[in-house]
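Each remark here refers to the structure printed beneath this line.
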Amino acid sequence: MLFKEHIKLARTYLAMHQEELADLADIGTTTLIGIEKGSGEITSRKLTEKSIRAVFEERGIVFKTTDKGFPYIEYDPDKDIIGYLKNKK
């Protein structure tokens, strides 16, 4: 399950602007802004969630949730198939 907090955390970690993520996920910036302002769990189309998830996962982001249900992320350089962070420096 992907939460709005996952998206904000991952974008911040990767220093990615909303416009960049929207473009990479092939969704509208307005859609992304709406998701990030939403109530938590992404309730929009599953295709939108899959697109957003794929953008982050190919950049090494792993989505997790604590035992108490709090979303957090981890970065796994072995899963960063496009070398995103290395290319940002």
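All values below come from the heavy atoms of this structure, side chains included, with hydrogens, waters and symmetry mates left out. Just so we're clear, the structure is a prediction, and the values are computed from it rather than from any experiment.
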Within one Ile-Leu-Val-Met-Phe-Trp-Tyr cluster: F70 and I73, side-chain cutoff 4.5 Å: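 Different hydrophobic clusters.
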Value rounded to 0.5 Å, distance of CZ in F3 from NZ in K8: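 One gets 14.0 Å once the value is rounded to the nearest 0.5 Å.
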Atom pair NE2 (H6) and CD1 (I52), whose distance is rounded to the nearest 0.5 Å: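 Here the interatomic distance stands at 12.5 Å.
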Heavy atoms only: give me the nearest [X]-[Y] pair and the separation to one decimal.
X	Y	result
F56	I7	CZ-O, 4.0 Å
A25	S51	O-CB, 3.3 Å
E36	Q18	OE1-NE2, 2.7 Å

Ring pair (Phe, Tyr, Trp, His ring centres under 6.0 Å) partners for Y72, two or more places apart: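 With sequence neighbours excluded, Y72 shows a ring pair (Phe, Tyr, Trp, His ring centres under 6.0 Å) to no residue whatsoever.
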Pairwise side-chain contact, L14 with R59, heavy-atom cut-off 4.5 Å (strictly under):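 Yes, side chains in contact.
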Side chain to side chain contact (heavy atoms under 4.5 Å, CB included) partner of I27, chosen from L32, L21, V55: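 Exactly one option meets the side chain to side chain contact (heavy atoms under 4.5 Å, CB included) with I27, and it is L32.
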Residue among D80, I81, L24 satisfying side chain to side chain contact (heavy atoms under 4.5 Å, CB included) with E58: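 Exactly one pass, corresponding to I81.
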Side chain to side chain contact (heavy atoms under 4.5 Å, CB included) assessment of K79 paired with V62: CA-CA 9 Å; K79 293 183 179 180; V62 179; 4.2 Å; yes
Verdict with reasoning, F63 to E57, per side chain to side chain contact (heavy atoms under 4.5 Å, CB included): CA-CA 8 Å; F63 298 104; E57 287 180 344; 4.2 Å; yes
D26 atom CG, over 12 foreign heavy atoms within 6.0 Å: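 12 or below, so no.
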